[in-house]
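Accompanying notes for the structure given below.
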Protein chains: 2
Amino acid sequence: MKLFDRSPGENARNYAIRVLLYNIINLELAPGSAVSENELSSTLNLSRTPVREALIELSKSSLVEILPQRGSYISKIDYERIEEARFMRLVLENAVVKLACESPEPVDLKKLKDNISEQKFCLEQEDTARFFPLDNEFHMLLFQSVNKARTFEVIQSQMVHFDRIRTLSLKSSKPTKIVEDHENIIYAIERRDTELAEILMTRHINRHQMEKSELVAAFPDYFIQ
Amino acid sequence: MKLFDRSPGENARNYAIRVLLYNIINLELAPGSAVSENELSSTLNLSRTPVREALIELSKSSLVEILPQRGSYISKIDYERIEEARFMRLVLENAVVKLACESPEPVDLKKLKDNISEQKFCLEQEDTARFFPLDNEFHMLLFQSVNKARTFEVIQSQMVHFDRIRTLSLKSSKPTKIVEDHENIIYAIERRDTELAEILMTRHINRHQMEKSELVAAFPDYFIQ
DNA sequence: AGCATGATACTTGTATACAAGTTATTGCCT
DNA sequence: AGGCAATAACTTGTATACAAGTATCATGCT
């Protein structure tokens with residue numbers, strides 16, 4: 001399990017959440033493995049209270065399973081949950097891009113284009129670490145442009161499940177394709193071409209689809225059933 | 001603030017959540033009012049720990065706002081949040097009813113029809129208290145029928161905000177209309193009439209829309225801004 | 001009077017002690 | 001050896017003590 005320093009001003013609970021989330025997503029904490037409040041609190045140099053509160057929060061996102069008086073475990077990967085998260089995202093992103101086509105504001109379009117420029121810059125520098133947050137920001141900007149920022153937060157809270165199999169899947173889709181998708185979507189919005197925008201968005205979201213069978217075959221213990 | 005007995009087997013945290021949720025939704029705890037962990041723990045006859053954990057959970061649903069070292073407050077009603085919740089629900093329910101039209105299973109249709117029968121029975125008995133859970137169950141069954149139960153859970157977690165203004169608004173839509181809607185939706189699904197199903201669902205979801213200006217005028221302190 | 005200042009009484013955040021339940025182990029009995 | 005029972009070593013749940021920050025109010029100074 002990898003450890004970080006506590007950021008200044010960060011309270012113990014959020015620190016615990018940050019460290020645990022990182023280690024769960026990057027599979028440093030294996031799906032199915034046991035974690036205990038005592039063990040974690042000594043590892044993180046905290047008392048049980050903030051660690052416990054962190055575990056409770058992660059259990060609400062179904063990343064941790066707490067069995068009362070028995071133990072806590074890193075949840076195994078639930079493929080159905082991931083597919084459902086993708087369904088939710090697909091449906092909501094399409095609804096949002098449709099709204100965006102109805103009344104595209106120049107201010108919002110500028111922000112989106114600026115973001116794409118940054119994405120391209122990262123591509124040239126091959127700075128993939130900086131690329132992912134920008135990808136995320138692009139979609140956030142899209143939701144913000146139609147006043148649906150909170151909806152995006154809901155989606156994002158579901159995306160953690162997706163992050164875990166992205167870690168597992170070595171060959172994730174090329175950032176080049178992703179940036180192209182983004183550019184085309186903005187193009188469609190500017191033209192107010194709802195139909196095209198939805199087709200492009202659907203293809204974009206479905207790009208992330210991973211091959212279940214391969215992953216389950218390679219890491220059977222990480223998955224439910 | 002109304003109090004209940006602790007159910008057998010219910011732990012202190014869930015009990016605190018249940019009582020607080022009830023009192024927030026029914027406006028026994030006024031939006032904007034201060035609540036403190038100490039005060040609540042003595043009211044509920046619990047220690048601070050489970051009460052604190054309950055407040056943290058409610059703060060995740062934006063029903064409570066925790067200001068570190070300053071105090072905790074019942075969140076004021078955010079109309080934009082409610083509208084956005086309705087947007088999410090509208091979009092997802094339509095997507096689900098569309099899926100249901102593609103391959104309506106007899107088993108699922110039977111469950112839905114049985115549910116409607118129960119709704120009608122409640123209507124005859126004028127048992128509104130039993131009606132609301134059935135309304136909820138109807139939509140849950142619909143989501144389950146297309147394997148999207150978790151999506152429904154996400155929607156439902158957003159619905160608490162809606163419940164609060166339903167309490168405020170004395171004249172909520174007549175159950176009679178709601179049952180009619182449900183019947184018509186099932187009819188459309190059986191006929192695999194996607195277009196009709198979506199129209200009916202849209203009207204059904206939008207029925208709950210409340211008049212913002214009236215409510216804000218009557219209870220200005222309960223709302224943000 | 002008005003303002004600064006310090007004590008006090010709050011608040012939530014964190015640490016720790018104890019309670020209650022589960023699991024594994026150990027040792028005895030058959 | 002096998003099985004059963006007591007026990008010890010865990011687990012999370014809850015209660016409480018202490019830490020640290022904030023707001024209020026009183027007091028004294030200008």
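Given the structure is predicted, the values throughout are model-derived calculations rather than measurements. Computation of the quantities below employed the complete heavy-atom set of this structure, encompassing side-chain atoms and omitting hydrogens, waters and symmetry-equivalent molecules.
Ring planes of B:Phe4 and B:Tyr22: perpendicular class, angle over 60° (limits at 30 and 60°). Ring geometry for A:His182 versus A:His139: interplanar angle over 60°, hence perpendicular rather than tilted (30 to 60°).
Between the P atom of D:dT11 and the CG atom of A:Leu55 lies a distance of 12 Å, rounded to the nearest Å. Between the CD atom of B:Glu53 and the P atom of C:dT12 there is a distance of 15 Å, rounded to whole Å. Protein atom CZ of A:Arg70 is 15 Å distant from nucleotide atom C1' of C:dA20, rounded to whole Å. For the pair B:Tyr15 OH and D:dT14 C1', the computed distance is 15 Å after rounding to whole Å. Here the C1' atom of nucleotide D:dA17 and the CZ atom of A:Arg48 are 16 Å apart, to the nearest Å. To the nearest angstrom, P of C:dG21 lies 19 Å from CD1 of A:Ile66. The distance between atom CG of A:Asn38 and atom P of D:dA9, rounded to the nearest whole Å, is 15 Å. Atom CG in B:Leu40 sits about 16 Å away from atom P in C:dC10, given to the nearest Å.
Using a 4.0 Å heavy-atom cutoff across all strands shown, B:Thr49 reaches at least one base atom of the nucleic acid. Among the heavy atoms of the strands, none lies under 4.0 Å from A:Val51. Among the heavy atoms of the strands, none lies under 4.0 Å from B:Ser41.
Contact annotation: A:Arg52 side-chain N/O to D:dA15 OP1/OP2 distance is not under 4.0 Å. The side chain of A:Ser47 places an N or O atom within less than 4.0 Å of a non-bridging phosphate oxygen (OP1 or OP2) of C:dA15. For C:dT11, neither phosphate oxygen OP1 nor OP2 lies less than 4.0 angstrom from any side-chain nitrogen or oxygen of B:Ser72.
Taking for each of A:Pro68 and A:Arg13 the nucleotide of DNA chain C with the nearest heavy atom, the 5'-most of the two is the partner of A:Arg13.
No side-chain heavy atom of A:Leu92 sits under 4.5 Å from any side-chain heavy atom of A:Phe152.
Comment: A:Glu84 does not engage B:Lys148 in a salt bridge, judged by the lack of any side-chain N to carboxylate O separation of less than 4.0 angstrom.
Contact annotation: side chain of A:Gln69 to base of D:dT12, donor-acceptor pair present below 3.5 Å.
For the atom pair CZ of B:Arg52 and CG of B:Asn38, the computed distance is 11.5 Å after rounding to the nearest 0.5 Å.
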